[in-house]
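These notes are about the structure you will find just below.
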2 protein chains.
Amino acid sequence: MAPSNGKLSERQNKMLEFISDFVKEHPYPPSVREIQVGCSISSTSVVDYNLHILRREGYIKRSPDISRGIQLLDKDTGRAMGHPNAVSVPVFGAIAAGEPLMAFPDASEAEETLELPSSMLPARTDGIYALRVKGQSMIEDLIDDGDVVLFQRRQTASPGEMVAAWLKERGEATLKRYYPEGARIRLQPANSAMSPIYEDADNVEVQGVVVGVIRMFR
Amino acid sequence: MAPSNGKLSERQNKMLEFISDFVKEHPYPPSVREIQVGCSISSTSVVDYNLHILRREGYIKRSPDISRGIQLLDKDTGRAMGHPNAVSVPVFGAIAAGEPLMAFPDASEAEETLELPSSMLPARTDGIYALRVKGQSMIEDLIDDGDVVLFQRRQTASPGEMVAAWLKERGEATLKRYYPEGARIRLQPANSAMSPIYEDADNVEVQGVVVGVIRMFR
DNA sequence: GATAGAAGCGAACATTCGTTTGTATACATA
DNA sequence: TATGTATACAAACGAATGTTCGCTTCTATC
């Protein structure tokens with residue numbers, strides 16, 4: 001069996017992540033075969049082999065001969081983990097209205113946090129943050145004043161994606177669609193009453209792409 | 001099968017209690033046979049029989065053909081139990097596309113549930129449900145095809161509110177703005193390409209008012 | 001008494017699922 | 001080269017588990 005050096009293989013990490021995701025989305029733990037399929041493993045025996053290692057290393061607990069008898073443990077405390085369903089998303093100030101975004105916004109500086117179910121979010125739930133939209137520059141993309149927009153932190157974007165862009169010279173952030181055009185970048189509002197912004201590529205810093213919109217009335 | 005009078009037999013109550021105790025002591029739900037032994041029932045078919053009743057009455061949710069696929073629901077709200085701060089919102093079929101809404105939609109019949117933080121929702125978090133929007137009849141109110149719309153269950157609405165309305169004669173539900181005009185009701189789409197619907201007040205049943213919109217890209 | 005539905009029963013069936021077995025490959029080491 | 005170990009693979013085995021079926025018992029109703 002594997003050496004007891006505490007390091008996990010890539011496959012073992014993937015399995016842990018799969019189990020963690022699975023229990024967030026289901027009221028029961030995964031079976032060996034569900035792990036097999038979810039992690040693209042060719043044989044159930046390989047799953048079992050690595051589950052033994054995860055158990056020995058203290059990452060999980062297994063109930064022998066019981067279907068779905070897998071329990072995630074907190075590696076540090078060795079205690080059972082609950083149902084860590086919620087991802088807390090920091091909500092920063094309004095976009096397009098000042099200086100909302102530092103390079104690495106810290107959750108502690110958020111005005112509030114939003115507890116969102118991880119099932120709602122894309123696979124990578126880290127680097128998710130939210131901004132409250134100010135103004136109607138994206139009204140034709142169905143994003144209204146006051147909406148909360150969820151972003152995935154990224155430094156690059158594909159043409160046409162909605163991004164939070166930091167305009168260095170102006171010292172402000174803005175929500176627009178991203179269109180690189182050679183050395184310059186067109187930031188296109190979704191409001192026919194407004195004109196696109198053209199900026200030198202050096203002056204535009206993508207800080208995240210839109211992954212969702214939440215609007216609550218009242 | 002049993003009459004749908006909402007009362008549970010002694011045996012069914014015992015089963016519920018057993019399941020509740022079981023999930024507190026184990027990281028996985030009980031199997032049919034474990035319920036059988038724990039409740040001193042002679043046959044697994046009796047367990048299955050009563051589990052069907054519990055499901056129909058909204059006490060549990062079952063995942064067919066999945067071992068230990070039993071989930072306790074909160075009878076009052078029809079929500080999944082076990083997530084302290086989260087409210088699980090049942091998501092039913094698409095609106096404006098057939099017959100999505102029965103009089104009292106049952107959480108156990110939801111195609112999926114959404115775990116939302118109670119902080120996101122209005123004070124009263126019971127009677128919240130969600131529908132996936134089909135079509136673009138509310139596009140000018142910034143609700144797009146595919147969006148998930150959150151409703152608060154209500155039988156009445158104020159003029160101008162967005163409601164899920166059940167048209168008895170047509171046997172269909174629709175998402176529109178609500179304008180009572182004497183004995184008839186105008187159901188106004190937010191799409192200038194579409195005409196309002198006029199219906200006799202007797203033929204319109206408000207089933208809920210819109211309290212939020214969620215749109216996830218991916 | 002006849003009938004029908006609710007509830008229970010025992011057994012069998014079919015699938016899911018944990019486990020084992022035999023083998024293969026890569027790599028380190030003696 | 002030979003040997004042992006870690007990892008992976010495919011297949012099969014057998015236990016666990018969900019489901020179904022035919023029958024019985026009980027009770028309410030006509």
Side-chain angles (χ1 to χ4, degrees), chain A residues 1-19 22-23 25-73, chain B residues 1-19 22-23 25-57 59-73 108:
Chain A
M1 193 177 285
S4 224
N5 58 7
K7 289 176 197 160
L8 295 186
S9 70
E10 188 176 342
R11 172 161 285 180
Q12 285 149 16
N13 276 313
K14 189 172 183 182
M15 284 171 58
L16 270 186
E17 190 176 355
F18 175 81
I19 296 170
F22 190 98
V23 297
E25 294 173 22
H26 302 82
Y28 42 82
S31 69
V32 169
R33 280 170 183 78
E34 284 163 346
I35 298 173
Q36 180 197 355
V37 172
C39 298
S40 306
I41 297 173
S42 66
S43 171
T44 58
S45 65
V46 178
V47 177
D48 185 67
Y49 170 79
N50 287 286
L51 284 177
H52 268 93
I53 297 174
L54 289 175
R55 189 184 67 86
R56 194 194 59 206
E57 298 296 326
Y59 288 91
I60 63 170
K61 184 177 163 186
R62 292 187 78 182
S63 306
D65 294 322
I66 287 185
S67 65
R68 304 176 182 276
I70 296 176
Q71 181 179 16
L72 272 181
L73 299 178
Chain B
M1 195 178 286
S4 223
N5 58 7
K7 290 174 196 161
L8 294 187
S9 70
E10 189 175 341
R11 172 161 284 179
Q12 284 150 17
N13 277 312
K14 189 171 182 182
M15 285 172 57
L16 270 187
E17 189 176 355
F18 175 81
I19 296 171
F22 191 98
V23 296
E25 294 173 23
H26 303 81
Y28 42 83
S31 69
V32 168
R33 278 168 184 79
E34 281 162 348
I35 297 174
Q36 181 196 358
V37 172
C39 298
S40 307
I41 297 174
S42 65
S43 170
T44 57
S45 63
V46 178
V47 177
D48 186 66
Y49 171 79
N50 286 287
L51 283 177
H52 268 92
I53 297 174
L54 289 176
R55 190 188 71 87
R56 193 194 56 205
E57 298 296 326
Y59 289 90
I60 63 169
K61 184 176 165 186
R62 293 187 79 183
S63 306
D65 293 322
I66 287 186
S67 65
R68 303 175 183 276
I70 297 175
Q71 181 180 17
L72 271 182
L73 300 177
S108 62

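By convention in this document, chain letters (A, B, ...) are assigned in the order of the sequence lines, proteins followed by strands, and residues within each chain are numbered from 1. The structure presented is a predicted model; accordingly, all values stated were derived computationally and were not measured.
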Quiz item: Should A:N50 be listed as having a side-chain N or O under 4.0 Å from OP1 or OP2 of D:dA6?
Solution: no

Quiz prompt | Given D:dT17, C:dG8, D:dA10, the nucleotide with the shortest approach to the side chain of A:I66 | solution = D:dT17

Quiz item: Which nucleotide, D:dA8, C:dA11, D:dG18, lies nearest any side-chain atom of A:Y49?
Solution: D:dA8

Exercise. Just compare C:dC17, D:dT20, D:dA16 and give me whichever is closest to any side-chain atom of A:R68.
Key: C:dC17

Quiz prompt | Atom-pair distance (CD on A:E34; C1' on C:dC17), nearest Å | solution = 10 Å

Exercise. May I have the distance from B:D48 (atom CG) to D:dT19 (atom P), rounded to whole angstrom?
Key: 6 Å

Quiz item: Taking OP1 and OP2 of C:dG8, is either one under 4.0 Å from a side-chain nitrogen or oxygen of B:R11?
Solution: yes

Exercise. Name the closest nucleotide to the B:S31 side chain, picking from D:dT19, C:dT19, D:dG18.
Key: D:dG18

Quiz item: Taking OP1 and OP2 of C:dG10, is either one under 4.0 Å from a side-chain nitrogen or oxygen of B:S42?
Solution: yes

Exercise. Figure out the CG/P separation between B:D65 and D:dG18, and round it to whole Å.
Key: 10 Å

Practice problem: Please confirm whether the backbone N or O of B:S42 pairs with a side-chain atom of B:Q36, one donor and one acceptor, at under 3.5 Å? | Solution: yes

Quiz item: Given atom CE of B:M15 and atom C1' of C:dA7, what is their separation to the nearest angstrom?
Solution: 13 Å

Quiz prompt | Residue mapping more 5' on DNA chain C - nearest nucleotide basis, B:S67 or B:R33 | solution = B:R33

Quiz prompt | Donor-acceptor pair (no angle test) under 3.5 Å: B:S45 side chain, D:dT19 base | solution = no

Practice problem: Starting from C1' on D:dA16, measure out to CD1 on B:I70 and report it in whole angstrom. | Solution: 14 Å

Quiz item: Can you tell me how far C1' of C:dT16 sits from CD1 of A:I35, to the nearest Å?
Solution: 14 Å

Quiz item: From the list D:dT19, D:dC9, C:dC9, which nucleotide is the closest neighbour of the side chain of A:I41?
Solution: D:dC9

Exercise. Give the rounded distance in Å between these two atoms: CD of A:Q36 and P of C:dT16.
Key: 14 Å

Quiz prompt | A:R62 side chain, from C-beta outward: closest of D:dA10, C:dT19, D:dT19 | solution = C:dT19

